[in-house]
Each structure stands twice: as structure tokens, then as C-alpha cells.
Amino acid sequence: MQQPKTVLAARIAERRRGDGDPRALVGEMRRSALLVPMADGGLWSVRSGGVRWICGFTDEAALARFALHHAPGDQPMDYAALLGARIVDEIVPALGEPAGLVVDIATEDGSMCFPPVVGIVSDAVAVGAGPAGEGRP
């Protein structure tokens, strides 16, 4: 029996189909508890396109898909449960480099990136926002 999707996973599926409201998706990400793998005493992240991406997962099944390829041998993968808002409001700014959040990266046709832009991360660390919000439309 397949488990029902989390609300965030359902909103991601809507957006990937071209439906739903992007603001509702961001709001749901902020309210959702995400499972974030731990590595070397910190949160698991990857770098791509000049951005550091923190990897979060909507449920244990999504985390398990990721762990199949990235866990050391047959060892369990440690993780922290963090609200999306805490990740984008506190952790991303503390990194001191362009950073965003990628959700369910190991779920085929089910992942979603939340880039370091105004409306997702704080204006102070948003890419392209410029000093004091310059360069924003």
C-alpha cells in the first residue's frame, strides 16, 4: 500500500504539472517539516551552478531513495527534521554564500528547487537583490 503524499509533495506535483499557485507552494514549503540528512556534523548540501543547495525531503520514503545512493555502506543516514522556514530564514543566510533548498532531489519527477531569490530567502541574501534591495523589479 502506497503512503499518501505530504501536502508539500502534493503542491510540488501540482506545480510540476503547471497547476497551483507558486506562492502557495512557497508557503507550504515554509510550514513543512523537512528531513535533512546530516554529513560531517552539518547539513547535507551540494553545489551546482554557483549555488549551495541544502537537500530536504518530504518524508522518510523520499529520504530513503536518496540514502540508497549516498549513505555510507549499509549504515543508517542521520537526519534532522527542520521547518522549511528555518532553513531559508536562518540556515541559508548563515552560510555566507548563495544558497537555496532542493526538496526530494532523488524523487524522479517530484523534486523542486527553491532558489536564493527574493520571496524565498531573505532580501539580504537573495541573489540579484543588490544592496538594500537594488535591482529588484
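- No chain of hydrophobic side-chain contacts below 4.5 Å, direct or via other Ile, Leu, Val, Met, Phe, Trp or Tyr residues, connects V125 to L83.
- The existence of a salt bridge linking E28 and R31 is confirmed by a sub-4.0 Å separation between a basic side-chain nitrogen and an acidic carboxylate oxygen.
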Problem set entry | Worked check of salt bridge (Lys or Arg N to Asp or Glu O under 4.0 Å) between E14 and R17 | CA-CA 5 Å; E14 286 174 359; R17 286 191 312 267; 5.0 Å; no
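- For the atom pair CG (D104) and CZ (R65), the distance works out to 6.5 Å, reported to the nearest 0.5 Å.
- Considering every non-hydrogen atom in both P116 and A99, the closest pair reads CB-O, 2.9 Å.
- We find the CZ-CD1 distance between F114 and I87 to be 10.5 Å, quoted to the nearest 0.5 Å.
- Nearest heavy-atom pair, P37 versus L35, reported as atom, atom and distance to 0.1 Å: CD-O, 3.8 Å.
- Taking both residues in full, the closest heavy atoms of P115 and C113 are given as CD-O, 3.4 Å, listed atom of the first, atom of the second, then distance.
- Atoms CZ and CG, on R11 and L25 in that order, are 8.0 Å from each other to the nearest 0.5 Å.
- Of the residues listed (V121, L82, L101), the one engaging I91 in a side-chain contact (heavy atoms from CB on, under 4.5 Å) is L82, and it is the only one.
- Residue pairs meeting the side-chain hydrogen bond (donor to acceptor under 3.5 Å, both in side chains) criterion with at least one member in residues 108-117, sequence neighbours excluded, do not occur.
- Distance check, rounded to the nearest 0.5 Å: CZ of R86 to CG of L34 gives 12.5 Å.
- M29 places a side-chain heavy atom less than 4.5 Å from the side chain of I120.
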Distance-only criterion, 3.5 Å: show the donor-acceptor pairs between side-chain atoms of residues 49-57 and protein atoms not counting sequence neighbours.
| from | atom 1 | to | atom 2 | distance (Å) |
| --- | --- | --- | --- | --- |
| R52 | NE | S45 | OG | 3.0 |
| R52 | NH1 | E97 | OE2 | 3.2 |
| W53 | NE1 | S48 | O | 3.3 |

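- Between P93 and V88 the shortest heavy-atom distance is CD-O, 3.5 Å.
- Ring centroids of W44 and Y79 are separated by 6.0 Å or more, keeping the two rings apart.
- The two residues A80 and M38 have their closest heavy-atom pair at CB-SD, 3.9 Å.
- Linking Ile, Leu, Val, Met, Phe, Trp and Tyr whenever their side-chain heavy atoms come within less than 4.5 Å puts M112 and V26 in one cluster.
- Using a 4.0 Å cut-off between charged nitrogen and carboxylate oxygen, R30 and D89 count as a salt-bridge pair.
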